[in-house]
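Everything below concerns the one structure shown next.
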Amino acid sequence: MTDARTDNLLATIDPRSVAVLGASENPDKVGGRPIHYMLKFGYQGAIYPINPSRDLVQGLRSYKSLDDLPEVPELAVIVVSGDAALQAMKDCARIGVKAAIVIASGFGEVDEAGAAMQRQMRDIARAAGMRMVGPNSQGFANFASGAISSFSTMFIEYPPEDGPVAIISQSGALSAAVYGLLRRRGIGVRYMNATGNEADVNVPDVARLIVRDPDLKLVLLYLEHVADPGALAEAAAIARERGLPIVAIKSGRTASGQQMAASHTGSLANEDRVVDAFFRRHGIWRVNDPHAMARGAPMYLRDWHPEGNHLIAISNSGASCVLVADAADGAGLALAQPSEATRAAVRKVLPAFATSTNPIDLTGAVLSNNALLGNVLEALAGNPETDLVYIEIPVAGQGYDIDGFARVSADFAAKTGKPLAIGAWQDSVADPFRAVGLPVYDHADDALGALSQLAGHAALQRVAMPAWAPGAAVLLPTDAPGFLNEAQSLAVLQAAGLPVVAHRVCHTRDEAIAAFEAIGAPVVVKACSRDVPHKSEHGLVALKLASADAVAAAFDAQSATLARLGAVNEGVIVAAMRGGQRELMLGAHVDPVFGPVVVVGDGGKYVEALKDSAVLVPPFTEAEVEAALRALRIGPILDGVRGDPPVDLNAFARAAVALGRMIEANAERIASVDVNPVIAGAAGEGAVVVDGLVEVRAR
């Protein structure tokens, strides 16, 4: 990370000097805002307004052009548009500006002519080694140094305060919304950077740079596409090593959202399940909207690292206890089962008519005994089954020692290190808890959602990145692009270490009969033709054949069908008929953005209709394969139900890892693999591939 392009990128967030091309005297104009903000919020570097029509801009000397400046600025903020923006880029490149932020719009997000000009600006920058943010960028802001090249109105609505959070976003408006939601919660923000159309600099670029800031405790990303997965993976690895969480919104989950993203910033859509898998692989937590980002932020800033998701809830309302139990289940949290010693300690301090079950109802006795909450928390402090704590006070007023409640709650959190959220909608109740630094939410859904996110993200970050030794290249029978026939496909899979059913390729009736006699009844006979990858719909699969005559008849019938279809006849496959506990499937393909991915799930002829599958990004472990299967709709039956034995997931998982290693090592030659079904036996009986299809890409 010491190359010139990285050094020049640093000038976008920490420049020693800034030129504003299109500078305005009016601080409410786009060309005036950056100057106004830098003057107001303490930027110590040189500010050079460029405006040929004025001698002074906001009290600063104005210059007619970049050539008139007393030095080469490290950063140029380009507010002028169209041909003027293009000329500005040429001038910046000519004099050696390190970086330019193009705020002007009307480029790739509009039409092809704009996209062509955008590409020209990018090429100018890259030829000079200069970094370009945008175009169509709202700008960057560093509130630690006051280097603010943004025109966002949000800094007026919610004045900045340096803090431990970074916001990096393609969208300026989205970044401003997250900023405003955080500032409304009293959370300081260090960086708010909007990359716009990303002709050159993209969100992963900036993330890779910013995660090195030792003062950050949380990084928030908004992406409409993932322009550079490698850079994002590198940023995530640096962050994971530091214990720095990354939370991301990736928009375009649906077809409609993907279409809108394309019209917004000219982005290409990423297949959404692959995005999910990529984020999981790299420890990035995905949320759906800015409110979810802001909701979870207070949890991360306390350096809490829960070991699990078991919750203790406390309230002074029995009805709230019931509702909280429902909400916990909806948030994916498990109600903790306190030890008998803990329950006895809780019973000892509660009134006789109260219950020590979880959630714990303090009852109205908390009004006459303001020490009750503290006593219950003290009883819970040593309970090892507790990972998370939620206290809800649905209503309180005169006579309640809210300040005392807040103090004992904060003491409990500090003493135990257990994440604690407060539910209180009355300002008179919420404010004392906020004053002692505890996260406060208006209602249980938000509080428990934030606790669940913290626990889930902590678990995700604990998953170590597995290491795969380099895989071997497989020998492909042809250089021609397209599908291999099934026999060739099975040979490739077997060479890669997948367990393939016993079979023979037969080109005559006699060979088919000989294969039947060698393999033993019953057998399957399938036509072999690269022209017919899906055979069953053409009657080209014959099952449970138990005699030589039946095999001979199947050979003749399938040969005739191939002739009628005009398909190349490459013989038939005679294979052992295998039964098992469950038909599963494996698939793999090379995603154009993220590279090799593997799909695991329920198999058989309804695989496309039911779509019960999960995506994994290499490298992954056998345990991760099994966990992915158990999270599917079929998950509950894989361990055996109603007397059925459990499925041999270990054997299937080994096959999935073998496929992942194959597609990773051969991504330049293999485009996709479809393995369906994989017959998995009962535990200990293994798994076997009975059908496979490999697609070869052009050399």
Side-chain angles (χ1 to χ4, degrees), residues 273-274 276-286 307-309 332 334 455-469 471 493 496-501 578-589 594 596-604 606-607 610-664 673-692:
R273 294 202 306 159
V274 179
D276 274 340
F278 179 86
F279 283 0
R280 284 195 307 272
R281 174 71 287 156
H282 296 286
I284 299 170
W285 191 264
R286 187 176 186 181
E307 293 294 324
N309 71 338
H457 202 173
L460 189 63
Q461 289 179 302
R462 285 194 296 269
V463 177
M465 177 74 76
W468 281 357
L493 295 173
L498 278 78
V500 172
V501 68
R578 288 292 300 266
Q581 193 67 23
R582 188 78 189 182
E583 289 189 349
L584 300 173
M585 63 80 65
L586 284 170
H589 70 275
F594 295 99
V597 297
V598 171
V599 182
V600 300
D602 201 15
Y606 300 120
V607 63
L610 297 179
K611 295 183 174 65
D612 195 16
S613 61
V615 176
L616 296 165
V617 171
F620 51 82
T621 64
E622 293 171 17
E624 288 176 292
V625 175
E626 294 188 37
L629 289 172
R630 287 192 169 93
L632 300 176
R633 293 194 299 274
I634 62 168
I637 67 174
L638 296 176
D639 289 319
V641 295
R642 293 186 176 272
D644 289 341
V647 176
D648 195 339
L649 297 186
N650 295 60
F652 178 83
R654 288 193 296 272
V657 170
L659 179 62
R661 289 169 58 82
M662 184 188 85
I663 192 73
E664 185 179 62
V673 180
D674 182 10
V675 185
N676 179 38
V678 179
I679 306 294
E685 293 180 351
V688 63
V689 172
V690 298
D691 199 351

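Scope of the values below: all heavy atoms of this structure, side chains included, with no hydrogens, waters or symmetry mates.
Checking side-chain atoms of Arg462 against main-chain N and O of Glu307 turns up a donor-acceptor pair under 3.5 Å. Listed for the Asp674 side chain is no donor-acceptor partner under 3.5 Å among the backbone atoms of Gly692. With hydrogens and angles ignored, the 3.5 Å screen pairs no side-chain donor or acceptor of Arg286 with any backbone N or O of Arg280. Between the His589 side chain and the Ile663 main chain, no donor and acceptor come within less than 3.5 Å of each other.
Salt bridge status for Asp602 with Lys611: absent, with no side-chain N to carboxylate O gap under 4.0 Å. Ion pairing of Glu583 with Arg578 is absent here, as no side-chain N (NZ or NE/NH1/NH2) approaches a carboxylate O to less than 4.0 Å.
Residues in residues 636-647 take part in these side-chain hydrogen bond (donor to acceptor under 3.5 Å, both in side chains) pairs, two or more places apart or across chains: Arg630-Asp639. Among residue pairs with one or both ends in residues 650-661, none qualify as side-chain hydrogen bond (donor to acceptor under 3.5 Å, both in side chains); sequence neighbours excluded.
Atoms CD and CG, on Glu664 and Leu659 in that order, are 11.5 Å from each other to the nearest 0.5 Å. One finds the CD1 atom of Ile637 at 10.5 Å from the CG atom of Leu632 (value rounded to the nearest 0.5 Å).
Annotation: side chain of Arg582 is not in contact with side chain of Asp648 (no heavy-atom distance under 4.5 Å). Using a 4.5 Å heavy-atom cutoff, the side chains of Phe652 and Leu629 are in contact. Using a 4.5 Å cut-off on side-chain heavy atoms (C-beta onward), Pro677 and Met585 make no contact. Looking at Glu624 and Pro619, their side chains never come closer than 4.5 Å, going by heavy atoms from C-beta outward.
Of the candidates Val501, Ile679, Val678, Val678 is the only one forming a side chain to side chain contact (heavy atoms under 4.5 Å, CB included) with Val689. The residue from Leu498, Val625, Leu493, Val673 that alone fulfils the side chain to side chain contact (heavy atoms under 4.5 Å, CB included) condition with Leu586 is Leu498. When Val598, Val600, Val597 are each tested for a side chain to side chain contact (heavy atoms under 4.5 Å, CB included) with Val615, only one passes: Val597.
When all heavy atoms are compared, the tightest approach of Pro466 to Arg281 is CD-NH2, 3.5 Å. Heavy atoms only, all atoms of each residue included: Ala653 and Glu626 are closest at CB-CG, 4.0 Å. Smallest separation of non-hydrogen atoms from Asp612 and Ile634: OD2-N, 3.0 Å. Among all heavy-atom pairs drawn from Ala682 and Pro645, the shortest one is CB-CG, 3.7 Å. The minimum heavy-atom distance between Gly283 and His457, with the atom names listed, is O-NE2, 2.9 Å. Minimum heavy-atom separation, Pro499 to Ala687: CG-O, 3.2 Å.
Using cut-offs of 30° and 60° on the angle between ring planes, the pair Phe278 and Phe594 is tilted.
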